[in-house]
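Along the sequence shown, the residues carry numbers beginning at 1.
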Amino acid sequence: MLPSAGSGQAAAEIDLQGRRVGAIVYDATLVADPELVRAAGQVVAIAMDHDRLTAQLRTSEEALRRSRARIVEAADQE
């Protein structure tokens, strides 16, 4: 939930590759520059996207290994 006006809190929306991936609500009395919060959020978003892509790659590699094993097994049976 985004903070209400006058609450002393602010929100920095985080975008990655042109789409909104989240927002960080922070104490605006402690952090004067929302760009610092946004930049930190970008770093986290990029790291999370990297982890997601790595997991997809590992899944694809495993599927490829299984497929190759089936092809070899089928050729051996012929």
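- Using modelled atom types, one side-chain atom of Thr54 and one backbone atom of His50 make a donor-acceptor pair closer than 3.5 Å.
- Remark: Val21 engages Ile14, Leu16, Arg19, Ala45 in a side-chain contact (heavy atoms from CB on, under 4.5 Å) (not counting sequence neighbours).
- Of all heavy-atom pairs spanning Pro34 and Tyr26, the tightest one is CB-OH, 3.1 Å.
- Within the model, atoms CG of Leu53 and CD1 of Ile46 stand 11.5 Å from one another, a figure rounded to the nearest 0.5 Å.
- Using a 4.5 Å heavy-atom cutoff, the side chains of Asp27 and Val31 are not in contact.
- Between the side chain of Gln9 and the backbone N or O of Ala28, no donor-acceptor pair lies under 3.5 Å.
- Residue pairs satisfying the salt bridge (Lys or Arg N to Asp or Glu O under 4.0 Å) criterion with at least one member in residues 34-62, sequence neighbours excluded, are listed as follows: Glu35-Arg38, Asp49-Arg52, Glu62-Arg65, Glu62-Arg66.
- Looking at Ser7, its side chain never comes within 3.5 Å of a backbone N or O of Pro3 through a donor-acceptor pair.
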